[in-house]
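For ligands, and for the atoms within them, numbers begin at 1 and follow the listed sequence. Values reported hereafter were calculated over all heavy atoms of this structure, with side chains retained and with hydrogens, waters and symmetry mates removed.
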Amino acid sequence: MAKGFFQVPTAYNEPVLSYAPGSPEREEVLKQYKAFYNSKVDVPLYIGSEEIKTGNTRPMSPPHDHKHIVGQYHLAEQEHVEKAISNCLEARDAWANLTWEQRAAIFLKAAELIAGPYRAKMNAATMIAQSKNIYQAEIDSACEIVDFLRFNVEYMSQIYSEQPESSEGVWNRVEYRPLEGFVYAITPFNFTAIAGNLPASAAMMGNVVVWKPSDSQVYSAKVIVDVFKEAGLPDGVINVVYGDPVMISDTVLSSPDFSGIHFTGSTNVFKSLWKQIGNNIHKYKTYPRIVGETGGKDFIIAHPTAKPQQVATAITRGAFEFQGQKCSAASRVYLPKSTADEILELVKKDIASFNKPGSPEDMSNFITAVIHEGAFDKLAKYIDQAKADADAEIIAGGNYDKSVGYFIEPTVILTTNPKYETMYTELFGPVVTIYVYEDKDWSDTLKLVDGTSEYGLTGAVLSADRYAIDEATKALQNCAGNFYINDKPTGAVVGQQPFGGARASGTNDKAGSMQNLLRWVSPRLIKETFVTPEDYRYPFLG
Ligand SMILES: NC(=O)c1ccc[n+]([C@@H]2O[C@H](COP(=O)([O-])OP(=O)(O)OC[C@H]3O[C@@H](n4cnc5c(N)ncnc54)[C@H](O)[C@@H]3O)[C@@H](O)[C@H]2O)c1
Ligand SMILES: N[C@@H](CCC=O)C(=O)O
């Protein structure tokens with residue numbers, strides 16, 4: 001037990017560095033990028049104290065140069081997944097009983113390692129693995145992951161200090177136990193920070209974890225593991241396996257000790273995992289916690305009073321940053337007829353100012369590659385469909401080329417059909433669909449926004465009219481878990497805009513918040529009575 005009521009350092013957001021020409025951080029990250037790019041890494045499974053090389057490997061390539069190999073990673077067989085589970089369970093007692101400030105110190109140290117000596121490595125790995133330009137890498141693999149670690153430590157200590165009242169002669173106390181068993185973290189390709197946070201947040205609360213990163217993010221996941229190791233995370237607390245997701249999930253979800261899933265990824269995968277957990281419910285020792293943040297079809301709606309330049313910038317940044325591969329990316333936009341032409345001209349001007357999609361090593365590139373061939377082919381299919389459909393027109397972009405990298409031009413589809421397929425289907429790429437409404441139909445258009453997609457993740461309203469803002473805020477109440485007024489719908493900052501959505505977008509447990517951490521503990525109430533009754537009779541019985 002701690003011998004003091006320790007106060008953790010006050011959390012603060014890691015400042016975003018500029019990477020301006022001539023800055024030391026720019027020089028350092030480019031040097032690291034080249035070093036990684038011109039070498040080959042061999043990534044093992046991390047199970048207990050072992051680094052296991054199964055020999056069954058898959059190559060890793062940057063999406064912007066897919067013939068170039070930067071290394072390989074080893075795939076798990078079922079026996080390795082079983083071993084990861086047993087290592088978790090062996091590590092559990094020691095980890096769960098370690099005093100909380102020791103756990104906190106490990107993750108605070110990890111934050112400082114990333115903010116300092118590992119910053120260039122985290123960013124360079126993310127530029128290579130996920131094809132992020134340096135700004136997108138910096139806000140993710142440097143700042144956001146550091147913020148997750150610092151703020152979660154603060155939230156953890158706030159949770160522990162939350163205690164019940166005690167009446168005279170009694171002491172009530174609540175102990176925030178880790179879950180009994182292990183947690184399964186499944187992470188997506190698109191954010192290195194999310195990949196690190198999903199296993200770390202559960203581990204911080206005293207849980208042991210089997211972590212399965214995305215195949216497209218293994219390269220940067222390895223740097224996260226290096227950081228956690230250097231920060232002193234004991235062996236067996238977070239065990240890392242990659243490979244066939246179905247086999248891994250079947251194995252994990254069959255274990256009686258499975259006690260929670262921390263998932264971020266697409267909606268269909270999450271729904272199938274939920275179903276599988278339901279089917280296995282009789283096997284488990286405890287009801288598993290199910291936390292999943294999933295897809296989105298995020299909107300921007302502009303009121304006739306919105307300033308065209310501001311709407312255009314919200315679209316350009318919201319739809320095209322990181323090639324639209326943010327769950328929060330603006331992908332359906334509703335513009336009023338009176339200003340639509342002006343806004344669209346400004347968006348086209350922005351797009352014309354981008355370089356052709358290229359490598360993030362060239363720091364003048366705003367747009368780089370989409371993640372893999374599957375994503376490229378899917379996007380190309382929707383673009384071709386829009387070219388063919390009578391109710392859609394491509395007004396910007398529309399070209400693609402996968403000969404070197406998976407490059408898709410930022411594309412704007414203008415549709416006359418508010419229920420056009422790309423107004424409700426998540427494409428997850430640099431494609432935005434625009435519908436122009438009659439100014440007088442503002443209120444009906446809000447209903448349209450609310451009723452068009454199954455998702456409820458992010459959305460933005462731009463308006464200079466406060467009554468219109470109020471109307472939109474009310475009408476779109478269930479349409480977005482993160483709702484933005486006069487801004488783009490992306491770029492939530494940990495500690496400031498807790499992130500997540502409902503409907504088909506997830507369980508809305510708000511990553512990087514106290515609410516999320518509460519899912520990884522099972523409180524035990526301890527009531528201690530100081531003078532224990534010795535007579536059952538009530539006073540009125542005489
Ligand atoms: N709501 C959020 O906070 C949030 C954040 C980031 C990404 N996302 C969503 O994630 C998706 C993009 O990421 P992605 O392409 O990596 O998603 P994905 O669903 O393809 O993969 C996510 C993870 O699930 C694994 N997986 C895939 N099939 C599986 C299966 N059958 N069983 C078990 N695991 C399986 C993958 O290997 C990966 O680790 C988008 O839908 C995006 O909206 C949501
Ligand atoms: N939190 C990020 C999105 C994470 C999903 O991809 C944002 O707010 O843009």
Side-chain angles (χ1 to χ4, degrees), residues 75 81 129-130 132 136 139-140 143-145 147-148 184-195 197-199 210-218 221 240-253 261-277 291-298 317-319 321-331 370-372 374-375 378 425-429 455-460 480-484 487-494 496-513 516:
L75 305 179
V81 184
Q130 291 119 292
K132 291 204 174 192
Q136 291 301 317
I139 61 171
D140 166 18
C143 302
E144 186 165 326
I145 188 166
D147 292 351
F148 274 134
Y184 182 29
I186 307 184
T187 58
F189 80 82
N190 69 333
F191 269 75
T192 301
I194 296 176
N197 181 49
L198 265 51
V210 174
W211 171 25
K212 197 210 83 58
S214 158
D215 290 296
S216 303
Q217 191 262 328
V218 173
V240 192
V241 291
Y242 344 87
D244 174 5
V246 174
M247 178 279 289
I248 295 174
S249 295
D250 282 352
T251 310
V252 169
L253 299 182
I261 186 165
H262 203 186
F263 176 88
T264 297
S266 55
T267 298
N268 283 343
V269 171
F270 185 54
K271 285 186 175 173
S272 72
L273 291 165
W274 190 305
K275 210 184 275 179
Q276 204 170 345
I277 293 166
V291 175
E293 303 307 332
T294 61
K297 190 70 198 172
D298 311 298
R317 296 191 68 180
E321 281 180 334
F322 186 38
Q323 295 75 257
Q325 297 172 116
K326 299 187 185 190
C327 55
S328 52
S331 58
V370 300
I371 192 70
H372 50 48
K378 174 178 163 184
T425 305
E426 185 186 50
L427 306 190
F428 220 58
Y455 298 107
L457 190 50
T458 78
N482 281 54
F483 184 65
Y484 296 83
D487 208 337
K488 63 186 167 62
T490 58
V493 174
V494 178
Q496 299 189 38
Q497 296 98 23
F499 189 80
R503 293 187 175 167
S505 292
T507 53
N508 198 14
D509 287 293
K510 297 292 186 204
S513 74
N516 177 282

Pick, from [options], the option with the minimum heavy-atom distance to [atom].
atom	options	answer
atom 23 (C) of ligand 1	I248, T187, V269, L273	T187
atom 13 (O) of ligand 1	P245, G296, P188	P188
atom 2 (C) of ligand 1	S505, G506, G501, C327	C327

Do any nitrogen or oxygen atoms of [X] come within less than 3.5 Å of a nitrogen or oxygen of ligand 2?
X	value
S328	yes
G491	yes
A492	yes

Under 3.5 Å between any N/O of [X] and any N/O of ligand 1: does that happen in this structure?
X	result
S266	yes
D215	no
T267	no
K212	yes
F189	yes

Can you tell me how far apart [atom1] ([X]) and [atom2] ([Y]) are? Round to the nearest 0.5 Å.
X	Y	atom1	atom2	result
L253	K275	CG	NZ	14.0 Å
D140	F322	CG	CZ	8.0 Å
N516	N197	CG	CG	6.5 Å

With a cut-off of 4.0 Å, which atoms of ligand 2 are near a heavy atom of [X]?
X	answer
T490	8 (O), 9 (O)
N190	5 (C), 6 (O)
K326	6 (O), 9 (O)

How far is atom 4 (C) of ligand 2 from its nearest protein heavy atom, and which residue and atom is that?
C327 SG, 3.2 Å

Parallel, tilted or perpendicular, as decided by the 30° and 60° cut-offs, for the rings of F189 and H372
tilted

Should [X] be listed as contacting ligand 1, given a heavy-atom distance under 4.0 Å as the test?
X	value
F270	no
F191	no
A511	no

Considering all protein heavy atoms, does one lie under 4.0 Å from atom 21 (O) of ligand 1?
no

Applying side-chain contact (heavy atoms from CB on, under 4.5 Å), run through L75 and D244 and close with a yes or a no.
CA-CA 8 Å; L75 305 179; D244 174 5; over 6 Å; no

At less than 4.0 angstrom from any non-hydrogen atom of [X], what atoms of ligand 1 do you find?
X	value
N190	6 (C), 7 (C)
F499	2 (C), 3 (O)
I194	5 (C), 6 (C)

When you check the side-chain N and O atoms of Q325 and K132, is any donor under 3.5 Å from an acceptor?
no

Would you say the side chains of S266 and N268 form a donor-acceptor pair under 3.5 Å?
no

Could you walk me through whether S328 and N482 pass the side-chain contact (heavy atoms from CB on, under 4.5 Å) test, one step at a time?
CA-CA 9 Å; S328 52; N482 281 54; over 6 Å; no

Taking non-hydrogen atoms only, is A375 closer than 4.0 angstrom to ligand 1 via side chain, backbone, both or neither?
neither

